[in-house]
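Notes for the one structure printed next.
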Amino acid sequence: MDANVKRNIILDNYQNPSNKGLPDSNDKSYTKVNSRNESCIDNIDVAAKINNEKLEDIKFDGEACAICTSCTSVMTKQFKGKTLEEAKEIVTNFENMINEQPYNPEILGEFNIYDEIYKQPSRKKCALLPIEAIKKIIQNDNNRS
Amino acid sequence: MNTEDFDILKTGIDYLDNAATTMKPKSVIKAVTDYYKEYTSNIHRGDYNNSIRADKEYETTREKIREFINAQSKEEIIYTNGTTNGLNIVVFGFMQHYLKPGDEVIIDQAEHASNSLPWIVLSKKIGFKLVFAPLDKDYKLTVESIKNCITPNTKVISIAHITNTIGDTRDINNIGKLCKENNILFVVDAAQSIAHTKIDVQEDNINFLAFSGHKMYGPTGTGILYGKKFLLEKIQPIEYGGDMNTEFSSTGDYSLKELPTRLEAGTRNIAGVIGLGAAIDYINSIGLEKIHNYEISLHQYLLEQMKQIPNIKIYNPSTQGTIVLFNVDKYFSQDVAIYLNQLNICIRAGNHCAKMLHEVIQDNSTCRISLSFYNTKEDIDKVVEALRNQDKILDTLV
């Protein structure tokens with residue numbers, strides 16, 4: 001993918017993020033987790049509604065850099081409607097892409113815009129932060145069932 | 001000025017993160033490597049030449065520090081591993097046994113974690129009241145603000161001489177007088193001031209003073225805790241072990257050495273302390289006043305230039321010192337720092353460990369430029385030019 005195209009998609013997701021804004025705190029159908037890196041200042045909350053092993057809805061809020069915010073926005077779109085198994089597979093492949101391991105680009109969809117983030121080590125953790133959040137949510141769901 | 005004394009500055013970096021740590025001049029690096037290459041040995045217990053030499057160098061640093069801050073005696077100078085360590089010794093080694101429920105300790109919301117979190121933790125444990133002296137409209141801490149917070153229950157005032165965010169220089173001389181008049185203990189965090197402005201612990205009526213070596217051109221892992229002798233003698237060590245005891249037995253009896261050794265358990269950072277001595281020599285060879293005056297004029301130049309850049313919010317435009325705290329409109333601080341890194345410019349983004357400050361300035365994260373005497377106008381022109389081209393900040397995303 002052309003670098004300009006990637007940059008524009010990132011900018012669009014940063015400046016006009018999708019699914020930004022958390023559900024009402026009284027809405028107990030969502031699982032909410034906070035995700036922040038010890039070594040940087042990105043700080044996001046992600047809330048997901050899981051029904052019948054499926055991610056029915058995902059929302060987020062927080063303060064983070066362009067990579068982290070845009071990646072969280074992309075994540076909410078990519079994971080909405082996916083089963084937990086599908087989500088886990090995307091998570092594994094996304095992590096492999098960021099960590100320069102073999103991965104399948106075909107299941108990553110818009111996440112592919114981050115395929116060169118590995119060249120900026122300080123940015124890797126920003127891209128991985130939303131993924132950490134969704135992993136925690138899936139883990140919490142596993143523990144409950 | 002004196003840029004040539006720092007090899008690292010020849011690598012092309014524009015280093016503007018001096019509040020985080022400072023570069024080390026050749027003489028400091030040489031002092032440390034000489035110890036490792038020529039006379040590595042332990043101190044205080046060797047009867048051979050290398051150990052005697054190490055001992056002498058190690059203790060010479062103590063005298064240099066004493067003179068640098070005008071302490072009354074060498075016993076008042078305790079080697080620590082940094083400011084945080086020093087302040088924790090004060091809070092948990094002294095204050096824990098001194099403060100009672102109902103007592104009051106004054107700090108403020110611009111303090112670094114090292115001079116706030118220990119107090120918060122101890123206050124929860126003992127039940128004394130932590131009072132936050134209000135910052136003024138420019139986020140500075142005035143003598144008047146502190147004065148208004150003093151009550152008959154005030155036992156301690158603990159503040160940074162210069163903060164690591166707003167960077168205002170607090171009037172420690174007059175605050176010290178207030179403390180003396182009201183029988184209050186005065187604790188000063190000098191991490192950000194020790195390399196930039198003169199401190200006289202006697203003149204300023206300071207009871208405890210803590211600072212780090214690495215922010216004054218010395219090695220990391222070194223620091224100093226100064227305390228008035230009669231107070232240091234009351235500290236219950238938070239570390240026990242080798243070198244600090246005179247005897248102990250299986251019956252449970254033990255006795256400790258005199259100051260300063262009783263507060264320096266275990267083998268200390270000998271190489272670091274020797275390097276710190278060289279750092280003091282280096283600062284003295286230029287002169288603290290000369291350094292201070294140069295930095296003030298350089299900071300003024302930076303501030304004037306930055307005020308002319310559109311879309312920049314400066315949080316401390318009226319502060320005289322070495323720090324400019326800012327944000328670029330519409331851009332997250334870390335994106336600005338990463339963009340500047342692409343141009344070899346080193347600044348810091350985040351909350352700078354002053355996690356209560358956002359309660360006052362209403363922004364969670366900021367960019368910080370902090371200067372030192374080895375910075376030049378050219379360094380400043382470079383960062384100013386980069387910030388003028390702010391539409392390029394997000395060009396480096398992929």
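By convention in this document, chain letters (A, B, ...) are assigned in the order of the sequence lines, proteins followed by strands, and residues within each chain are numbered from 1. This is a predicted model, so every value here is computed, not measured.
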Does atom [atom1] of [X] have more than 12 heavy-atom neighbours from other groups under 6.0 Å away?
{"X": "B/E359", "atom1": "CD", "answer": "yes"}
{"X": "B/K307", "atom1": "NZ", "answer": "yes"}
{"X": "B/K355", "atom1": "NZ", "answer": "no"}
{"X": "A/D24", "atom1": "CG", "answer": "yes"}
{"X": "B/R348", "atom1": "CZ", "answer": "no"}
{"X": "A/K54", "atom1": "NZ", "answer": "no"}
{"X": "B/K124", "atom1": "NZ", "answer": "no"}

Out of curiosity, [X] [atom1] to [Y] [atom2], how far, rounded to the nearest 0.5 Å?
{"X": "B/I338", "Y": "A/S122", "atom1": "CD1", "atom2": "OG", "answer": "4.0 Å"}
{"X": "A/C126", "Y": "B/Q334", "atom1": "SG", "atom2": "CD", "answer": "5.0 Å"}
{"X": "A/I41", "Y": "B/H352", "atom1": "CD1", "atom2": "NE2", "answer": "7.5 Å"}

Discussion item. Is A/Y114 in contact with chain B via its backbone, its side chain, both, or neither, using a 4.5 Å heavy-atom distance?
Written reply: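 Contact with chain B is absent: no heavy atom of A/Y114 under 4.5 Å.
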Practice prompt. With a 4.5 angstrom heavy-atom cut-off, could you sort out which part of A/Q120 is near chain B: side chain, backbone, both or neither?
Written response: side chain
Worksheet item: Most heavy-atom pairs under 4.5 angstrom with chain B, which of A/A66, A/A64, A/S70?
Response: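 Counting heavy-atom pairs under 4.5 Å, the top option is A/A64.
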Fill in: Smallest separation among heavy atoms of A/R7 and B/D395, with atom names
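Closest heavy-atom pair between A/R7 and B/D395: NE-O, 3.0 Å.
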Practice prompt. List the atom of B/D335, the atom of A/C65, and the distance in Å for their closest heavy-atom pair.
Written response: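 Closest heavy-atom pair between B/D335 and A/C65: OD1-CB, 3.3 Å.
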Worksheet item: chain A heavy atoms under 4.5 Å from B/L394: which part of the residue, side chain, backbone, both or neither?
Response: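 Both parts, backbone and side chain.
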